[in-house]
Structures are given as C-alpha cells and as structure tokens.
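Encoded as structure tokens, the structure appears first; notes follow it.
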Amino acid sequence: QVQLVESGGGLVQAGGSLRLSCAASGRTVKSYAMGWFRQAPGKDREFVAAISWAGITTQYADSVKGRFTISRDNAKNTMWLQMNNLQAEDTAVYYCAARYGLSQAPDDYGLWGQGTQVTVSS
C-alpha cells in the first residue's frame, strides 16, 4: 500500500517560516503528480500548491504565491513545502496528496497523508 506521511508542522510567529515534508512509500508515487492542500476548522479543504511528477511544472494558489515554494526529489521519495512570511490566515492542517496528473481540485486526489498542523500566531 502506498502511504504519504507529512511532518514539519508547528507553531510559528507571523512573518516566520516553516518547511513541511511529505515522505512517500511505494514505487507508484514516484511517477505521480503531487500537491499540498490545507483545511482550517469549519472550512473546506483548499488548494495550496502542486508539482508535476518530474518537478518541472509547479502551480500555486494566489494566496501563497511568492511566499511558498513546492519541490520534490523522486530519488528520496520526498516532497517539501517551504513556507515563508507566514500569516495568521495560513493556520490550518496541511495535507500532501498524490494523483496521476496535475490538478488543483482536492476531489481529484485519491491518496492523502494524515496532515500536519501549522499554527501562526500574531
């Protein structure tokens, strides 16, 4: 069974930075596009960033563009989300996900990690 595991979340002050990691098990994930999503209490899960299977194409939500950077290393079977200049509105549970082909729609992704909490204080 393919499994995704997020890590790196925590509490940070506004303006600070965090780097989230997503470790993937299984060979199948290495050829999949991957994405980061977040969900705050009482709100829908929303798109944050996505990256193609080879890491050449990246996509970002307007709310994080210029602050967040998505990357991956298929040899290490790992994806990262570098988050800079964090703001209170970035507070959410962050999830990594995988699918065959780039998408910004949560419902298009069938493989999800357990999530990691990011809390930004002001």
Side-chain angles (χ1 to χ4, degrees):
Q1 289 284 298
V2 178
Q3 185 175 347
L4 304 177
V5 180
E6 301 96 334
S7 63
L11 176 64
V12 64
Q13 292 183 330
S17 299
L18 285 173
R19 192 182 195 193
L20 306 183
S21 297
C22 176
S25 64
R27 293 178 180 270
T28 303
V29 154
K30 294 181 180 180
S31 62
Y32 274 44
M34 301 187 72
W36 286 98
F37 297 80
R38 65 188 183 187
Q39 187 167 23
K43 296 185 177 181
D44 293 333
R45 189 168 300 187
E46 66 175 355
F47 169 76
V48 176
I51 188 167
S52 62
W53 74 270
I56 296 173
T57 303
T58 58
Q59 299 176 347
Y60 297 92
D62 289 341
S63 60
V64 306
K65 194 172 299 182
R67 298 189 297 122
F68 292 9
T69 303
I70 188 172
S71 61
R72 69 188 297 171
D73 187 334
N74 289 340
K76 297 180 179 179
N77 216 15
T78 303
M79 177 179 66
W80 298 272
L81 183 68
Q82 178 66 47
M83 305 185 294
N84 297 326
N85 192 25
L86 284 162
Q87 304 298 312
E89 54 265 33
D90 296 317
T91 295
V93 176
Y94 283 70
Y95 300 88
C96 67
R99 74 179 303 273
Y100 194 80
L102 273 177
S103 176
Q104 298 181 17
D107 289 347
D108 286 345
Y109 288 78
L111 182 63
W112 294 85
Q114 84 290 346
T116 185
Q117 177 71 49
V118 172
T119 302
V120 184
S121 65
S122 59

May I ask you to decide if Thr57's main-chain N or O and Gln59's side chain share a donor-acceptor pair within less than 3.5 Å?
no
In this structure, would Trp112 and Tyr32 fall into the same cluster of hydrophobic residues linked by side-chain contacts under 4.5 Å?
no
Is the backbone of Thr69 close enough, under 3.5 Å, to the side chain of Gln82 for a donor and an acceptor to pair up by distance?
no
Any idea which heavy atoms bring Tyr60 and Phe47 closest together, and the distance?
C-CE2, 3.6 Å
Give, for atom OG of Ser63 and atom CZ of Arg38, the distance between the pair rounded to the nearest 0.5 Å.
4.5 Å
For residues Ser103 and Asp108, report the shortest heavy-atom separation together with the two atoms involved.
OG-OD2, 2.6 Å
Using the rule that Ile, Leu, Val, Met, Phe, Trp and Tyr join whenever any side-chain heavy atoms are under 4.5 Å apart, tell me whether Leu4 and Trp80 fall into a single cluster.
no
On the 0 to 90° scale, with breaks at 30° and 60°, tag the Phe68-Tyr94 ring pair as parallel, tilted or perpendicular.
tilted
What distance separates Leu86 CG from Ser121 OG, expressed to the nearest 0.5 Å?
10.5 Å
Between the OG1 atom in Thr58 and the NZ atom in Lys65, the distance rounded to the nearest 0.5 Å is 9.5 Å
Rounded to the nearest 0.5 Å, how far apart are CE of Met79 and CG of Asn74?
11.0 Å
Any idea which heavy atoms bring Met34 and Cys22 closest together, and the distance?
CE-SG, 4.0 Å
Tell me, yes or no, whether the heavy-atom count around Glu89 atom CD, taken from other residues, nucleotides or ligands under 6.0 Å, exceeds 12.
yes
Tell me whether Ile70 is reachable from Leu20 by hopping between hydrophobic residues (I, L, V, M, F, W, Y) whose side-chain heavy atoms are closer than 4.5 Å.
yes
Hydrophobic clusters here meaning ILVMFWY residues chained together by side-chain heavy-atom distances under 4.5 Å, can you tell me if Val12 and Met83 are in one?
yes
Beyond-backbone contact of Gln114 with Val5, side-chain heavy atoms, under 4.5 angstrom
yes
Sub-6.0 Å ring centroid separation between Tyr109 and Tyr95
no
To the closest 0.5 Å, what do you measure between SG (Cys96) and CD1 (Ile51)?
12.5 Å
Taking all heavy atoms of Pro106 and all of Gln104, pick out the closest pair and write down the distance.
CD-O, 3.6 Å
Given the rule in the side-chain contact (heavy atoms from CB on, under 4.5 Å) test, do Val118 and Asp90 qualify, once you have shown the distances and angles that lead to the verdict?
CA-CA 8 Å; Val118 172; Asp90 296 317; 5.5 Å; no
Count the heavy atoms belonging to other residues, nucleotides or ligands that lie under 6.0 Å from CG of Asp73, then report whether that count exceeds 12.
yes
Asp107 backbone acceptor or donor facing Arg45 side chain under 3.5 Å
no
How many angstroms lie between atom CG of Leu81 and atom CZ of Arg19, to the nearest 0.5 angstrom?
9.5 Å
Scanning both residues in full, the closest heavy-atom pair of Thr91 with Ala40 reads O-CB, 3.9 Å
Would you find a donor on one side and an acceptor on the other, under 3.5 Å apart, between the side chain of Thr116 and the backbone of Glu6?
no
